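Everything on this sheet refers to the single structure shown next.
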Amino acid sequence: QVQLVETGGGLVQAGGSLRLSCAASGRTFSLYAMGWLRQAPGKEREFVATISWNSGYTAYADSVKCRFTISRDNAKNMMYLQMNSLKPEDTAVYYCAADRTPYRAGAVITSKNSYPYWGQGTQVTVSS
């Protein structure tokens, strides 16, 4: 069974930085794309960033481009999200998610519907 555990959330002032981590277990981590999604109060869960199984493809939501960086370490079964220049509108619960199909890349992994496996989420709060 796939298990995903996020850490690294917290309270930060606008303009600050945070690094989220996701620890994965339960299957061969290196075969699957991974993603970060977020959900703000009263809003639907939305795509933030994705990385293909071999890190050859990454994609970001327009709202976080040039501020967030997604990465992974297949040897450690870990994924990361470096968040810089944080804004109050980045406040949300951030979820780590894992793809259902191995070896995928491209537009398909930018859809939240590609991710049947989710962590419990970590709260990120950006104060103005």
Side-chain angles (χ1 to χ4, degrees):
Q1 183 173 351
V2 177
Q3 292 188 324
L4 303 170
V5 178
E6 304 96 335
T7 55
L11 174 63
V12 64
Q13 288 188 333
S17 299
L18 282 174
R19 188 194 195 206
L20 304 183
S21 299
C22 172
S25 61
R27 65 177 185 181
T28 306
F29 176 78
S30 61
L31 301 183
Y32 298 87
M34 298 289 293
W36 288 99
L37 295 93
R38 68 186 181 186
Q39 188 166 18
K43 296 187 177 181
E44 290 190 358
R45 195 169 296 188
E46 64 176 1
F47 166 78
V48 175
T50 185
I51 187 166
S52 63
W53 59 282
N54 63 350
S55 302
Y57 174 86
T58 59
Y60 299 88
D62 288 344
S63 59
V64 307
K65 276 180 183 175
C66 300
R67 299 189 296 122
F68 291 10
T69 302
I70 191 170
S71 61
R72 66 189 294 164
D73 185 338
N74 285 346
K76 296 182 178 179
N77 289 359
M78 295 291 295
M79 179 180 65
Y80 307 98
L81 186 68
Q82 178 66 43
M83 305 186 295
N84 298 329
S85 302
L86 282 161
K87 304 175 180 180
E89 51 264 44
D90 294 318
T91 295
V93 177
Y94 284 70
Y95 297 91
C96 166
D99 194 4
R100 63 167 55 87
T101 305
Y103 301 121
R104 294 209 292 187
V108 65
I109 60 172
T110 65
S111 168
K112 60 184 179 182
N113 296 324
S114 292
Y115 299 100
Y117 306 107
W118 300 80
Q120 82 288 350
T122 186
Q123 177 71 46
V124 171
T125 302
V126 185
S127 63
S128 57

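Counting begins at 1 with the first residue of the sequence. Computed from a prediction, not measured in an experiment: that's the story for all the values here.
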Do you know the tightest heavy-atom contact between [X] and [Y]?
X    : Y    : result
A98  : R27  : CB-NH2, 3.3 Å
L4   : A24  : CD2-CB, 3.6 Å
Q123 : A92  : NE2-O, 3.5 Å
A105 : Y57  : CB-CB, 4.0 Å
A49  : Y60  : CB-CD2, 3.6 Å
A59  : T110 : CB-CG2, 3.8 Å

Check ring-ring contact (aromatic ring centres under 6.0 Å, His included) between W118 and all other residues, then give those that pass, not counting sequence neighbours.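 For W118 there are no ring-ring contact (aromatic ring centres under 6.0 Å, His included) partners, ignoring immediate neighbours.
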Between R38 and E46, is there a side-chain N and carboxylate O pair less than 4.0 Å apart?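 Salt bridge present between R38 and E46.
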Reported [atom1]-to-[atom2] distance for the pair [X] and [Y], which is rounded to 0.5 angstrom:
X   : Y   : atom1 : atom2 : answer
S30 : N77 : OG    : CG    : 7.5 Å
S63 : F47 : OG    : CZ    : 9.5 Å
F29 : M78 : CZ    : CE    : 8.0 Å
E6  : M79 : CD    : CE    : 8.0 Å
M83 : W36 : CE    : CH2   : 8.0 Å

With a 4.5 Å limit on heavy-atom distance, are the side chains of C22 and Y80 in contact?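 Of all side-chain heavy-atom pairs linking Y80 with C22, none is under 4.5 Å.
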In terms of hydrophobic clusters joined by side-chain contacts under 4.5 Å, are [X] and [Y] together?
X   : Y    : value
Y32 : Y103 : yes
L20 : Y117 : yes
L37 : V108 : yes

Evaluate the salt bridge (charged side-chain N to carboxylate O under 4.0 Å, His left out) criterion for residues K87 and D90: first the C-alpha distance (whole Å), next the side-chain angles of each, then the deciding distance (0.1 Å), finally the verdict. CA-CA 5 Å; K87 304 175 180 180; D90 294 318; over 6 Å; no
Passing option when I70 is tested against V48, L81, V64 for side chain to side chain contact (heavy atoms under 4.5 Å, CB included):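 That would be L81; it is the only one of V48, L81, V64 passing the side chain to side chain contact (heavy atoms under 4.5 Å, CB included) with I70.
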Parallel under 30°, tilted from 30 to 60°, perpendicular over 60°: which one fits the rings of Y94 and F68?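 Because their plane-to-plane angle lies in the 30° to 60° range, the rings of Y94 and F68 count as tilted.
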Can you see whether Y115 has R45 sitting over its ring - NZ or CZ less than 6.0 Å from the centre and within 45° of the normal?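 No, cation not above the ring by the 6.0 Å, 45° rule.
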Can a donor-acceptor pair be found between the side chains of D99 and T101 at a distance below 3.5 Å?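 Short answer, no.
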R100 side chain to P116 main-chain N or O, any donor-acceptor pair under 3.5 Å?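 No: the side chain of R100 does not pair with the backbone of P116.
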Given 3.5 Å as the limit, does a donor-acceptor pair link the side chain of T50 with the main chain of M34, or not?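 Indeed, once roles are kept as given, a pair shorter than 3.5 Å links the two residues.
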Evaluation steps, side chain to side chain contact (heavy atoms under 4.5 Å, CB included), between Q82 and S71: CA-CA 8 Å; Q82 178 66 43; S71 61; over 6 Å; no
